[in-house]
Amino acid sequence: MTPIRFGIIGCSRIARRSVIPAIIKSEFSELEFIGSRSTEKAKEFSKEFNCKKFGMYEDVISDKNVDAVYISTPIGTHEEWSVKAALEGKHIYCEKSSTTSFESAKNMIECSKQNNVRIMEGFMFRFHPQHKKVKELIDTNKIGDLISFDGKFGFPAFPEGDIRYNKDLGGGFLNDSGCYPIAASRMIFDKEPVSVSCNLSIDPKTDVDIRGTSYLVFDNKNTASITYGNGNYYQAKYDLWGSEGIISSERAYSVPINFETNIKLQFSSNHDWTSKKDENYKITPTDHFLEMINEFCLDISQKQKSKINFENELENQAKVMEAHRLSNNKQRLVSLDEIN
């Protein structure tokens, strides 16, 4: 297939560290154009990645040789640049969180559909093979009936002045880190929650959330508890509690390409503490950014349909995120039926 030619909108840390290297590495894509708010920043990136074309954001989306854009601007600007890219006929890989409201997400999706382009939210962890192993253990009844999900994602505090503290740009850590275990719970249960309770801790200096907890009810059987935070000891994990065991992923979300992940299975052969056993499954190091880009490119080229419907996934995640915001603002449980 002819490689998908990517334009970069936003010279972020994640673009430099993970996404651009994966675009270059993929046999299904190539780096065509780098755009920044300043030509100097774009020029710096273009030298680093040996990209001949560089300029402002508008230059990227107006270039006829760009097939798809990667948007890694601040979250509060994702809708603007997604819509502009769609109007120019560019497919869109949008960094998570997709945007700041459900209405905004629906607009991004509708504009993409009207212009016959695809849009994907960049939850790269979904493409890591460790989760396939987790699903295999669940499906083969290794922990009996799956009951609950417990997900945590937190890290030491970002320095003052980071865009994550800027409310006007879509800052806050529900959008930045809480979104990961929320998305993971939906992925593991393979269904959507029916209600959400959320409590956010707001920083009085910046007026953005810096920590949070939430409780998602999927049906009478399945629940998920989510904890996230900025200024915490690093954790990026989830535990799945079943009727006969526990499955744990200790590095579930942000995984370096050379990192060997481990899936831990705990069970009891005689249903007592003395017969408790552990099994560990080592997962070969994988570049989940590369896996995501490969799948995106193959899908938009109509060479191989993705197992994920990108637009449905973006919309469903945005709806659950909206329920979190509403629950915190109203200080009550919110039914997903309230969000439309």
Side-chain angles (χ1 to χ4, degrees), residues 1 3-32 34 44-51 68-72 92-98 120-137 151-156 158 164 176-177 179-181 183-184 187-188 228 233-238 247-264 280-301 304 306-308 310 313:
M1 60 173 272
I4 299 298
R5 298 166 296 185
F6 271 89
I8 307 301
I9 297 180
C11 294
S12 63
R13 286 191 293 267
I14 193 170
R16 169 179 265 154
R17 183 181 67 246
S18 302
V19 178
I20 295 177
I23 288 171
I24 293 170
K25 193 188 304 182
S26 173
E27 62 182 299
F28 307 118
S29 64
E30 57 187 38
L31 183 61
E32 180 71 19
I34 292 178
E44 174 193 333
F45 260 59
S46 69
K47 285 183 178 178
E48 183 175 342
F49 294 105
N50 196 28
C51 180
V69 295
Y70 165 59
I71 298 174
S72 65
I92 302 152
Y93 161 12
C94 182
E95 192 52 68
K96 57 75 202 162
S97 285
S98 62
M120 176 186 72
E121 185 173 16
F123 281 114
M124 72 294 180
F125 78 91
R126 294 180 62 102
F127 299 84
H128 197 285
Q130 65 173 313
H131 309 294
K132 184 177 180 180
K133 183 62 182 180
V134 168
K135 287 276 200 174
E136 177 189 311
L137 293 172
K152 297 179 175 66
F153 193 16
F155 31 70
F158 280 86
R164 292 166 180 81
D176 186 68
S177 57
C179 57
Y180 280 95
M187 174 187 72
I188 292 296
Y228 73 91
Y233 177 78
Y234 187 87
Q235 285 195 90
K237 65 179 293 185
Y238 63 69
I247 299 170
S248 301
S249 168
E250 294 186 355
R251 191 70 184 262
Y253 312 120
S254 179
V255 185
I257 61 175
N258 60 351
F259 189 90
E260 182 184 65
T261 53
N262 179 64
I263 301 302
K264 182 178 180 180
N280 291 281
Y281 300 89
K282 302 295 184 181
I283 309 300
T284 303
T286 302
D287 184 345
H288 50 182
F289 286 95
L290 176 61
E291 296 299 319
M292 176 172 59
I293 288 165
N294 286 345
E295 193 155 326
F296 183 59
C297 290
L298 286 168
D299 192 297
I300 64 179
S301 300
Q304 183 177 305
S306 173
K307 60 183 179 291
I308 298 170
F310 304 133
E313 175 58 30

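As the structure is a computational prediction, the values presented were derived from the model and not from experiment.
Side-chain contact between Phe6 and Cys297: present, with at least one pair of heavy atoms (C-beta onward) separated by less than 4.5 Å. At least one side-chain heavy atom of Ile293 sits less than 4.5 Å from a side-chain heavy atom of Tyr93. With a 4.5 Å cut-off on side-chain heavy atoms, Arg126 and Glu121 do not count as touching. Tyr70 has its side chain out of reach of Phe296: every pair of non-hydrogen atoms, C-beta onward, lies at least 4.5 Å apart. By the 4.5 Å heavy-atom criterion applied to side chains, Val255 and Gln130 are counted as neighbours. Taking the side chain as every heavy atom from C-beta outward, His128 and Ile283 approach each other to under 4.5 Å. Between Tyr238 and Tyr253, the closest side-chain pair of non-hydrogen atoms falls below 4.5 Å.
Once rounded to the nearest 0.5 Å, the distance linking NZ of Lys96 with CE of Met124 reads 7.0 Å.
The aromatic rings of His131 and Phe125 sit perpendicular to each other, their planes meeting at more than 60°, with 30° as the lower class boundary. Ring pair Tyr234/Phe155 is tilted by interplanar angle, where 30° to 60° counts as tilted. Using cut-offs of 30° and 60° on the angle between ring planes, the pair Phe153 and Tyr180 is perpendicular.
Phe28 pairs with exactly one of Ile4, Leu298, Ile23 by the side chain to side chain contact (heavy atoms under 4.5 Å, CB included) rule, that one being Leu298.
The local environment of CG in Asn280 is crowded, with over 12 non-hydrogen atoms from other residues, nucleotides or ligands closer than 6.0 Å. The 12-atom threshold is not exceeded at NZ of Lys47, counting heavy atoms of other residues, nucleotides or ligands nearer than 6.0 Å. Around the NZ atom of Lys132, the shell of radius 6.0 Å holds no more than 12 heavy atoms that belong to other residues, nucleotides or ligands. Within 6.0 Å of CD in Glu48 there are more than 12 heavy atoms belonging to other residues, nucleotides or ligands.
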